[in-house]
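The structure appears below as structure tokens.
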Amino acid sequence: MSDARDYKATLNLPKTAFPMKANLAQAEPATLARWERGGIFAAVRAARQGAQPFVFHDGPPYANGDIHVGHMLNKVLKDMVVRSALLEGRDCHFIPGWDCHGLPIEHRVMTDLIAAGKAAKLDALPEDTRRMAIRRECAQYTEKVIRKQSQQMQRLLTLADYAAPYFTMQPSYEAATLEVFAGLLEQGLVFRQLKPVHWSIANRTALAEAELEYEEREDPSVHVDFEAVDPAAVGAAFGVECECTPSFMIWTTTPWTLPANLAIAVHPRYRYALVEMDGALTVVATELLPKVQAAVGASDVRRIGEADGAALLGLQYRHPFCAREGRIVGADYVTLEDGTGLVHTAPGHGEDDYRTGLRESLDIYCPVRDDGTYDDTVPEWLRGKSVWDANALVIDSLERSGHLVKAISFRHSYPHDWRSHTPVIFRATEQWFIGVDRPARRSGESLRKMAIDAVETRVEFVPAWGRNRMRGMLESRPDWCISRQRAWGLPIPAFKLPGGAAFLTAASVRAVARVVAEKGSDAWFTLSPADLLAGYDAAKDPDAPAGLDIAALQKMHDIFDVWFEAGSSWHSVLRTRGIGFPSALYLEGSDQHRGWFQLSMLPALGVTGEPPFSALVTHGFLVDRDGRKMSKSLGNALDVETLLKDFGAEVARWWVSSAPYENDIRIDTDYFRLAGESYRKVRNTLRFLLSNLFDAPAWSIDEAHRLAAAAPRETLDRWLLGELAALEADVRAAFRGFDFRRAHLAIFHFCNETLSAAYCAAVKDRLYCDAADSPRRRSTQAVMRMAVEVLCRLLAPILPHTAEEAWRALHGENAPLLFTQVHVGIDAPRDPRWQSVMDACTAVSKALEAAKQRGIENPLDAAAILPDPQGVLEPFAAELADACGVSRVRLDRSIAAVEIEDLRSEPRCERSWRRDGTVRARTDGGMLSDRDARAVGV
RNA sequence: GCGCCAGUAGCUCAGCUGGCUAGAGCACACCCCUGAUCAGGGUGAGGUCGAAGGUUCGAGUCCUUUCUGGCGCACCA
């Protein structure tokens, strides 16, 4: 009967099974298992049967190694797209894919084979058998990696058709890729041409960049004078008279490529000087003159004239030892770092030279055979000689003919074959290309033009600068070399005719595609040309060569660039599986502007005339906290598995959603700790809502909505409903615009400020102290119920596990899957008058802070007197004390600032701890306010 | 070297077409609550807006240069 009377038992205190601690590392796998048991993807799709499809296509990651944080970022962003589309009621059949072929896997497998001592045995096998053996190893390895990566991606709680993914090595996929190729052939966009590649003389094969090792090597470095054909023309270019024949001086470290010299490149914007150097008239870049003078040891140098590189274009020179003339061409890759500013150009022996050669219509001339010796087109004294022996011979010849200015020995790093450790050369070989400037038969437009048009008018870019970037890349991109000389890939189904020419037509490719669809691309290695072309009828093929004899054909051995396979996925997956075309968007790292985006667009435009996507969303790269790129060697790479173990996928996803993905993103375990904190805040807010619904009636969502909306406009409940509606609209719009960060911030702000700091704090008193079934308390519960319903859905794309956990806490273990639901769609206007109430609350907080000086430390020991000159607050009078957290509030039209009244001398309700002025002794002996007395029935 | 992007409080970021003392959140400090409690609330202190020029009545916001970092491309003849 004393003041120690315990009213706690009479309060409606919150109860919930939704735990405060998420324990994500353990709870997530359980959720995954439950999803798997319930066949979540099939269930969700069934719920969306007949709904408007949302076509979204996964770019295939390369099937090598474990997933890294970059995969995590990409896959989680995609998952937020998939899940938010589902919540909008769209049917999204998202198929995860993997890029399976290619050198890194072959390289990896070969390394293992060599380590296992099997390489020599392999080399002894016949060609097709050897390739098949390698391919079998590669396929096994790739399958293993895919299984592992698939698990890792699912562990990120991503939702996709993991039961039926696509692999670029699936027979159906391979066949569809060949169909795309056939389509391009039909459009006249495929051709075969010489192109320089890294060539291993020891292994007589082309090598890719990854197969090169750079080693130190000593090479001769020579300065050579090339005599001008027309001294007068040179003189004119420099505005002087030439008394003797001027030369153009070049510098090279590969004298053996000089027999293939067809041009000299200058930079049109650089200045070039005509100089008299130790008696000889020669041209070098003005800026390099001192360097050249030092390099060749010239003692007497006199400048005769000067001109722009542009003025030299078209001038001709005599090759020093081959019977032909070359000309000066322009090239912007010419630098003033070393050399003479005039670059020896051999289109058959260098990438740049090659491109210049194409532009200038030069021969892609390569007099070097696959064994590294010269053919018969070179001067007699070089024929049959190895290029390495040729260096000395060439220098000797130049010396004797007086063209050599200076020869020295030069140490530099030079590419070597990673297997034989012998130096490689650049050598032009025949390759297959997709031409970007050839007219497509359909429209007469080139791929380049179609692509630039598409980028400019038909594709949305997020962020917008991607458009410029991609346009720039398209404007300058060369023809696409699609052939590779490897084993692990999709064969280019070309045959060699007896005369040596290639046989490859749309119809022949389709015939092979039918075989591949059934037997996979291994068929190319195991079947004869006749079997491969069993379904081919030359009589019906307008492109068939005359007198084709299938029995005389030989298979060729190039495989496709893996980008061609990945770049065909819009057909191999979207069209072949009936998902829809084009995709609403592709979402990848910004490096894919040159990669998958561009290399998907070119085949799609070629075959269909349409770009394969309507929008491109790109994200930046993850860098460490100092902005440096992640790399194993720097030791700053974060490990996905460790992150998941320490923080859980949900915290990782919460962090991803907060990242400004359009730029590079700094990542660090500290940021995950931070994300964990804010995740906890959201979780606890949800928990508070759920825990106060423990005794709420089992309203349907519509009933709860009606009840909440029925409260007077001046109640906190209506305020919250308006905020909730605004949040829902804002977050949904953010998801639609792929602005996950905005969604994240809006949700967090709502949980942290609107709910936790404002609403929950304000309504605690009525929830706990009002009679359990009082209309005021039920109204609040109805609003809270709506808040949980809405928040579960808004959070679901970001935090699928937590959202569903809350959803199940609300609806029970047998609740339908959250992802079969759609957004609630609350329609409640925001009442601008609330702003004044919120401002008043802030003012009260500040005034209370000051009142602590007077000893008023607990807000419930205070009354607030609020200035209300316009009477704006008047209608809200009944809610102000709760909103401000004080015992009571009085309005005064005549004061200018908030005043705090000390209530410590007034009696305090033993149940609600408030001093609201109605507190007095009751029949049970306790000191209670009117409301509390009624609630306990005394 | 070329193209694109970014550089705002200790950290992560807002600041639209230039205009009131540059805003959040987290972290930090101090305080309240102890009936959301391995929770909750309040108040506060933090910034030469990468640097240097320039345009303008006025620039974080426009222009130029420069530094740092990222992506892509090229180069190593």
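Below, each value reflects all heavy atoms present in this structure, side chains not excepted, and no hydrogens, waters or symmetry copies. Chain naming here is simple, since letters A, B, ... match the order of the sequence lines and numbering starts at 1 in each.
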Protein N or O to nucleotides 49-51 of chain B N or O, pairs below 3.5 Å:
none

Does [N] have a Watson-Crick or wobble partner in any strand here, with both distances under 3.5 angstrom, and which is it?
N	answer
B:A6	B:U68
B:C30	B:G42
B:G1	B:C73
B:C11	B:G25
B:C62	B:G54

**Request:** Identify whether the distance between the nearest side-chain nitrogen and carboxylate oxygen of A:Arg471 and A:Glu456 falls below 4.0 Å.
**Result:** yes
**Item:** Between NE2 on residue A:His749 and CD on residue A:Glu723, distance to nearest 0.5 Å
**Value:** 9.0 Å
Is there a side-chain polar atom (N or O) of [X] under 4.0 Å from OP1 or OP2 of [N]?
X	N	answer
A:Arg687	B:U37	yes
A:Arg680	B:A39	yes
A:Asn663	B:C71	no

**Message:** Using the side chain to side chain donor-acceptor pair (under 3.5 Å) criterion, which residues pair with A:Asp670? Sequence neighbours excluded.
**Reply:** A:Arg625, A:Arg673
**Request:** Would you indicate which nucleotide in B:G41, B:U34, B:C71 comes nearest to any side-chain atom of A:Trp913?
**Result:** B:U34
**Asked** If you check the A:Met20 side chain, which of B:U37, B:G70, B:G44 turns out closest?
**Response** B:U37
**Request:** Measure from the ring center of A:His403 to the ring center of A:Phe226 and say whether it is less than 6.0 Å.
**Result:** no
**Request:** Would you check if the distance from the ring center of A:Phe647 to the ring center of A:Phe672 is below 6.0 Å?
**Result:** yes
Using a heavy-atom cut-off of under 4.0 Å over every strand shown, decide if [X] touches base, sugar-phosphate, or nothing.
X	value
A:Glu753	sugar-phosphate
A:Trp251	base
A:Arg911	base
A:Leu674	sugar-phosphate

**Message:** Just by distance, no angles: are the side chains of A:Thr257 and A:His344 close enough, under 3.5 Å, to form a donor-acceptor pair?
**Reply:** yes
**Message:** Checking A:Tyr661 against A:Thr618: is there a side-chain donor and acceptor pair closer than 3.5 Å?
**Reply:** no
**Polar side-chain atom of A:His619 near backbone of A:Leu77 as donor-acceptor pair, under 3.5 Å** = no
**Request:** Applying salt bridge (charged side-chain N to carboxylate O under 4.0 Å, His left out) between A:Asp770 and each of A:Arg911, A:Lys764, A:Arg777, A:Arg931, report the one that passes.
**Result:** A:Arg931
**Asked** A:Arg904 has an atom CZ; how far is it from atom C1' of B:C32, in whole Å?
**Response** 14 Å
Under-3.5 Å N/O pairs linking protein and nucleotides 60-63 of chain B:
none

